[in-house]
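In what follows, every heavy atom counts, from backbone to side chain, and hydrogens, waters and symmetry copies are set aside. Order of the sequence lines sets the chain letters (A, B, ...), proteins ahead of strands, with each chain counted from 1.
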Number of protein chains: 2
Amino acid sequence: MGTIDKALDVLGLFTRSRPSVGLSQAARLLGRDKASVLRYLNALQSRGFLEQDSVDRTYHLGPALARLALIREVTYPLNQVAGEVLQKLVDETGETAHLSHYDNGHLATVAVVETRLHSTRVYLDPAQPLPLHASASGIAYLSCLDAKLASSHLPDCPEIFTPDTPTDAATAMALMRQAAQDGFAVARGTFEADVCGVAAPVFGASNQVCGAVGVATPSARFDEPALQTISRHVVQAAAQISHHYGATRPPILQE
Amino acid sequence: MGTIDKALDVLGLFTRSRPSVGLSQAARLLGRDKASVLRYLNALQSRGFLEQDSVDRTYHLGPALARLALIREVTYPLNQVAGEVLQKLVDETGETAHLSHYDNGHLATVAVVETRLHSTRVYLDPAQPLPLHASASGIAYLSCLDAKLASSHLPDCPEIFTPDTPTDAATAMALMRQAAQDGFAVARGTFEADVCGVAAPVFGASNQVCGAVGVATPSARFDEPALQTISRHVVQAAAQISHHYGATRPPILQE
DNA sequence: GCAGTCGGTTCACTATTTGAACCATCGGTT
DNA sequence: AACCGATGGTTCAAATAGTGAACCGACTGC
């Protein structure tokens, strides 16, 4: 493995749940000595890819990343397009919509558009990962994977969020099969009590599933007609975003 | 220089005006041989920091940058805060507002919020760099630099955009002095005809000037009362954003 | 068919990375 | 106050990784 890969591994240490790391911690996580890791950290810092907190000496992701990401976004405005599609979805459904990408066993929220139609609405913390087994988006994502691959993504001891969270793999797999058939997934209070989710998978280049578009509704407003209109529009929105991500319809099952 | 620096130099090749480069071009720009540059490009590509176009084989910035930038943004939402401040500025002034950062001899637009109050409004292309010598934001930025440093940032042959673009360094320096005194800069049709700009400098960590907040108004609506209210609010907005960027008031002249 | 591109490959040569051992400092315990 | 186990950071001989001229095949314009 080249030096560059090792340096990029360092950047990979930073996640939403671990946004800053110290020298010793980084060395431990990478399984390497401090001297080398320090050289990496310094190299990345001197170019603005990392910043060091002057008080606790930990490192966090730097402004150079924001700069480069913005160059990408200006050139090829995926986020802007996604935002517009989500806004349209919110207008069509009257409920909060979001887009998330698969990342390390979870779905990470990429964009949220809140509805302004109702005074009671679902709040989605962008920092909180969506579980694969208990959210509509997660089930929608898994439904595009080969059954074996999907079950390998289910944690051994899946976290229980509500009384309705599916506790065994069989239940989750059944939901996935249903979602694969329908083209969208429904979750009734499995992640948050009194919240229902409807989500459809999003595909990227080479038609690999890479995330999901979801709409979250307070259970009180979630009846059969609502499901009908929401699911139709969610599937549409997911297809539009997939198209911009470079997917060519129709999507295929991921082996 | 370490290998990591060289790899990060590769990422530095990509700009808004040159969003994709080929192997030979990259080697030429870096003054290095193709073999090494190819290894860099491949290393960066394999980790998603670059992507290669499958038809013309050029490389462009990859999704890993967007992912990392989003982690940074979720942890420390500078863009969101900036967007909110700009929105408030738009509400207060009724005109389009923008934030830009200094980058390589220009100001690069980071965020724009358009007004919806008037049917005639200024359109700002986020891909187009703002010139230092001919835009209100540019003058505001330069006004925080030491006179010698500022003049070194003025191109030898400054581009002429309109009949009112300042052509000689002396005029530009005078505008800067005025801006330094007022705390904001005014540009009347110097960059785009029939557009007036008002801008105030933005400071980052260690109180270095790093960009500017600006409001762009069609000349027809730009009278003395407008200037009064706009300038007051622009200065306020710039101070708020500077604060979030880690600047500690009061700003000081950059040596 | 020639000249000038392009992206990509090879391999002997060489400069860079490596990491154990080191130091100084900081909080908490005894 | 001495000790302990952390922390961030430094040194330098040994080992490994990066380097780049020359090369290839493909393509384009003449």
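Across residues 41-62 of chain B, B:Q52, B:R57, B:Y59 each have a non-hydrogen atom less than 4.0 Å from an atom of DNA chain C (numbered order).
Each of B:L38 and A:R39 lies near DNA chain C, and the nucleotide nearest B:L38 is the one positioned closer to the 5' end.
At the phosphate of C:dT17, OP1 or OP2 sits under 4.0 Å from a side-chain N or O atom of B:T3.
You'll find that the side chain of A:S24 is closest to D:dT7, out of D:dT7, C:dG7, D:dT11. With D:dT10, D:dA17, D:dA21 as the candidates, the nucleotide lying closest to the side chain of B:A35 is D:dA21.
When the side-chain contact (heavy atoms from CB on, under 4.5 Å) test is applied to A:S17, the partners found at least two apart in sequence or on another chain are A:T15. Not counting sequence neighbours, the partners of B:A172 by the side-chain contact (heavy atoms from CB on, under 4.5 Å) test are B:L154.
Counting any heavy atom pair closer than 4.0 Å across all strands shown, A:K34 reaches a base atom. Among the protein residues, A:R32 comes within range of the sugar-phosphate backbone only, with heavy atoms under 4.0 Å from sugar or phosphate atoms but none that close to a base.
Remark: the A:Q236 side chain and the A:Q240 side chain contain no N/O donor-acceptor pair separated by less than 3.5 Å.
No side-chain heavy atom of A:R67 sits less than 4.5 Å from a side-chain heavy atom of B:V110. Between B:L41 and B:V37 there is a side-chain heavy-atom pair separated by less than 4.5 Å.
In this structure, the ring of B:H106 has its center no less than 6.0 angstrom from the ring center of B:Y141.
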